[in-house]
S.K.: 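Before anything else, here's the structure in question.
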Amino acid sequence: MKQFLRNLAVVAALCVPAAFSRGVEPETPPAPVWHHTYDRVGVPGRLWSLDDGRVILVTRDGNLTVFDGCNGRLLANARVTDGGDDSLWIQKASETNFLLISASGKIMELDVPKGIISRTISYPFDSRLPPVPYHESYIVVKGYRGQQLVLIDKDGQEVWQRELPGYVLHRPGIRSCVAVVLTRQGSYGGQASSAVDTRTGELVWSDKTDAYGNGVAFSPAGDSLIETDWIGISLRKERGAGWILSRDIRTGSRRWVHQAGDSVSHSPIYHAKHDRAFICLDGGGVMCFRGHDGKIIWRSDLPEGPALVNFSYTPPYSPPLDISGSVLVVRSKTGRVFLLDARDGSTLTELTWAAGCQSHPRIANGMVFILTENTLSGYSLKNILSKTGACGYSILVNCTDGSRLRGAPTLERITLRASYATFQIPFSQILYLELQEGVAVIELDNGDRLSGRIEGQSIQLKSAVGVLDVPLAKIESVIGF
């Protein structure tokens, strides 16, 4: 048995490519699937990507271009500002063929197939914070550094107005007929998180945090939220203390709070399907939490901190990280791009460009979108990861002796015998599996949690060194995604 464990440790080292270590050498990116180069007049400004695979670029001279993210094909082109507007935002409207654009007190709807602005609404909203679509209306913050949350209709007329305990720091987040806003007062102290009923404008709850809120992300069920906050050195003795917390969206009560041990200057992102929240610490740490109870899944420390907000290139207040499937992409403050395995935080690869990555990278539909000094490029994620051996579906197996194995299971599913039923569970639906004294506790990607005994004596993996037969008795946990 001792010999088996020694062999297992050797195999584990072989199964994890060098690119997974923190000391991974930077790589030159592969040839992009497509790219567009701009002259000095049309130098790129800001980059967005939408869930439907479209990529949007707004150049510094105020021209908006919409591309198909898969092949770079031009979908629409329109002039939206006179240039130099650092408060422009792009969002997906309720209709798939429309984009919502806001800048300088105007809300514009872009008809993508026609490439024209189909409707414009004028209202003096805070240009730092984009309007939030709500049915056929918009929820906005009135005036620069405004303290009033307002619902306006499609003609720009006010429906209701709510005074808040301070001026709004970030774009309101909406879920389950509740708008969550983070505010601060004119001096130190008095910062608060509040919720407003989107139907009536009534204040639902307010919680004084005395910390600068950096944004929220909502749980899949819409009953809770994840919030990041930061305390400056003038408010506390410790320098740059930050935390991440979860709230009940209906009452504002705190479900769990975690002190990050470093300042946090960005909003969190939430992988809804897998109940995982991710944050970047200013010192370079990246952390993954389980959303419903705040359990720390992993922490990984990058060689330098994340990119700070640069209004010239980056949508205001957007986080420097993005996720698709099991790949997390992070941009550092010097323009380096790190791709991490979202399951355990290991570094898959690091990419560098001569001019650096100017805007936060975006990842969607198997593509990574990068904006450099004068070029917008779409890279195949599969091509980027082909050198690391990280392509395709795989699981991570943590062994009782500390070894870790990575590979694809030879069987599509496992058989779990509970006290009341027998389940055939596909590996692709398993988020996390933990074994204790022969009993398995399994978390599924739909939120179910099952307990029972696994049929069979081992799990077989197709690894970089062949097929491995790993005894269940030697397995501590399995991480899916």
S.K.: Please answer whether the main-chain N or O of Arg145 pairs with a side-chain N or O of Asp126 as donor and acceptor at a distance below 3.5 Å.
M.R.: yes

S.K.: Does any N or O in the side chain of Trp205 come within less than 3.5 Å of the main-chain N or O of Ile249, such that one atom is a donor and the other an acceptor?
M.R.: yes

S.K.: Measuring only between side-chain heavy atoms, which start at C-beta, is Arg362 closer than 4.5 Å to Val55?
M.R.: no

S.K.: Can you check whether Leu339 reaches Ile363 side chain to side chain, under 4.5 Å on heavy atoms?
M.R.: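 With C-beta onward as the side chain, the pair stays apart.
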
S.K.: Would you name the heavy atoms of His170 and Leu129 that are closest together and state the gap between them?
M.R.: C-CD2, 3.4 Å

S.K.: Measuring from atom CD of Gln148 to atom CD of Gln161, what distance do you get when rounded to the nearest 0.5 angstrom?
M.R.: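 The CD atom of Gln148 sits 4.0 Å away from the CD atom of Gln161.
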
S.K.: Which is it for Ile479 and Ile297 under the side chain to side chain contact (heavy atoms under 4.5 Å, CB included) test, yes or no, and what are the steps along the way?
M.R.: CA-CA 10 Å; Ile479 304 175; Ile297 304 300; 5.6 Å; no

S.K.: Would Phe125 and Ile152 satisfy side chain to side chain contact (heavy atoms under 4.5 Å, CB included), going step by step from the backbone distance to the final call?
M.R.: CA-CA 10 Å; Phe125 61 85; Ile152 61 174; over 6 Å; no

S.K.: Can you tell me how far OG of Ser300 sits from CG of Leu328, rounded to the nearest 0.5 angstrom?
M.R.: 9.5 Å

S.K.: Does a side-chain heavy-atom distance below 4.5 Å link Phe218 with Val180?
M.R.: yes

S.K.: Run the side chain to side chain contact (heavy atoms under 4.5 Å, CB included) test on Val327 and Leu385 for me, step by step, so that the C-alpha distance in whole Å, both residues' side-chain angles and the decisive distance to 0.1 Å come before the verdict.
M.R.: CA-CA 10 Å; Val327 177; Leu385 297 180; 4.0 Å; yes

S.K.: Looking only at heavy atoms, what is the nearest atom pair of Leu149 and Ala179, with distance?
M.R.: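 Heavy atoms of Leu149 and Ala179 come nearest at CD2-CB, 4.1 Å.
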
S.K.: Are the side chain of Trp230 and the backbone of His266 linked by a donor-acceptor contact shorter than 3.5 Å?
M.R.: no

S.K.: Measure the shortest side-chain to side-chain distance between Arg449 and Val441 over non-hydrogen atoms and say whether it is less than 4.5 angstrom.
M.R.: yes

S.K.: Search all heavy atoms of His360 against all heavy atoms of Ala307 and return the closest pair with its distance.
M.R.: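 Scanning both residues, the minimum pair turns out to be CE1-CB, 3.8 Å.
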
S.K.: Within the structure provided, determine whether Thr352 and Thr334 are in side-chain contact (heavy-atom separation under 4.5 Å).
M.R.: no

S.K.: Can you tell me how far CG of Leu376 sits from CG of Leu57, rounded to the nearest 0.5 angstrom?
M.R.: 5.5 Å

S.K.: Can you tell me if Arg343 uses its side chain to pair, donor with acceptor, with the backbone of Leu396 under 3.5 Å?
M.R.: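 Side chain of Arg343 to backbone of Leu396: no pair is present.
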
S.K.: Do you know which two heavy atoms are closest between Tyr379 and Pro29, and how far apart they sit?
M.R.: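 In terms of heavy atoms, the two residues are closest at CE2-CB, 3.8 Å.
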
S.K.: Is the count of non-hydrogen atoms from other residues, nucleotides or ligands lying under 6.0 Å from Glu163 atom CD greater than 12?
M.R.: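 Above 12, so yes.
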
S.K.: For Asp197, which residues count as a salt bridge (charged side-chain N to carboxylate O under 4.0 Å, His left out) partner, sequence neighbours excluded?
M.R.: Arg199

S.K.: Determine the sole option in Ile395, Leu468, Ile459 for which the side-chain contact (heavy atoms from CB on, under 4.5 Å) test with Leu405 is passed.
M.R.: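 The option that passes is Leu468.
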
S.K.: Is atom CD of Gln424 surrounded by more than 12 heavy atoms (other residues, nucleotides or ligands) closer than 6.0 Å?
M.R.: yes

S.K.: What is the minimum heavy-atom distance between Ile475 and Leu435, and which atoms define it?
M.R.: O-CB, 3.6 Å

S.K.: Go through the side-chain N and O atoms of Asn214 and Thr228 and say whether any donor and acceptor fall under 3.5 Å apart.
M.R.: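 The answer is no; no qualifying pair exists.
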
S.K.: So does Leu281 get a backbone contact from the side chain of Asp262, meaning a donor-acceptor N/O pair under 3.5 Å?
M.R.: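 A pair under 3.5 Å: no.
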
S.K.: Val264 vs Trp243, test: side chain to side chain contact (heavy atoms under 4.5 Å, CB included). Steps then yes/no.
M.R.: CA-CA 7 Å; Val264 182; Trp243 65 68; over 6 Å; no

S.K.: Hydrogens and angles aside, do Asn398 and Ser477 bring a side-chain donor and acceptor to less than 3.5 Å of each other?
M.R.: yes

S.K.: Going by heavy atoms in the side chains, are Ser194 and Arg162 under 4.5 Å from each other?
M.R.: no

S.K.: Determine whether a donor-acceptor pair (N or O, by modelled atom type, separation under 3.5 Å) exists between the side chain of Asp344 and the backbone of Ser346.
M.R.: yes

S.K.: Between Arg175 (side chain only) and Ser224 (backbone N and O only), is there a donor and an acceptor less than 3.5 Å apart?
M.R.: no

S.K.: In the structure I gave you, are the side-chain heavy atoms of Gln191 and Asp229 within less than 4.5 Å of one another anywhere?
M.R.: no

S.K.: Quick one: do Arg250 and Asp248 satisfy salt bridge (Lys or Arg N to Asp or Glu O under 4.0 Å)? Show the steps, please.
M.R.: CA-CA 5 Å; Arg250 296 160 296 187; Asp248 186 312; 3.0 Å; yes

S.K.: Judged by atom type as modelled, is there a donor-acceptor pair below 3.5 Å linking the side chain of Ser267 to the main-chain atoms of Gly215?
M.R.: no

S.K.: Can you tell me how far the CG atom of Leu450 sits from the CG atom of Leu416, to the nearest 0.5 Å?
M.R.: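 That separation rounds to 6.0 Å.
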
S.K.: Only counting residues at least two apart or in another chain, list the ones meeting side chain to side chain donor-acceptor pair (under 3.5 Å) with Thr200.
M.R.: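 By the side chain to side chain donor-acceptor pair (under 3.5 Å) rule, Thr200 matches no residue at all.
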
S.K.: For the backbone of Val439 and the side chain of Ser451, can you confirm whether one donor and one acceptor N or O come within less than 3.5 Å of each other?
M.R.: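 No.
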
S.K.: Counting N and O atoms only, with roles assigned by atom type, does the side chain of Gln147 sit under 3.5 Å from a partner on the main chain of Leu164, one being a donor and the other an acceptor?
M.R.: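 Indeed, once roles are kept as given, a pair shorter than 3.5 Å links the two residues.
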
S.K.: With side chains defined as the heavy atoms from C-beta onward, is the minimum distance between Asp207 and Arg254 less than 4.5 Å?
M.R.: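 The answer is yes, as the side chains (C-beta and beyond) meet within the 4.5 Å cut-off.
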
S.K.: For residues Ile226 and Gly291, report the shortest heavy-atom separation together with the two atoms involved.
M.R.: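 Scanning both residues completely, I find the closest heavy atoms to be CD1-O, 4.1 Å.
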
S.K.: Calculate, to the nearest 0.5 Å, the distance between atoms CG and CG belonging to Leu340 and Leu348 respectively.
M.R.: 7.0 Å

S.K.: Scan for salt bridge (charged side-chain N to carboxylate O under 4.0 Å, His left out) pairs involving residues 217-226, sequence neighbours excluded, and state none if there are none.
M.R.: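 Listed by first then second residue: Asp223-Arg255.
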
S.K.: With rounding to the nearest 0.5 angstrom, report the CG to OG distance, Leu225 to Ser193.
M.R.: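 OG of Ser193 is found 8.0 Å from CG of Leu225.
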
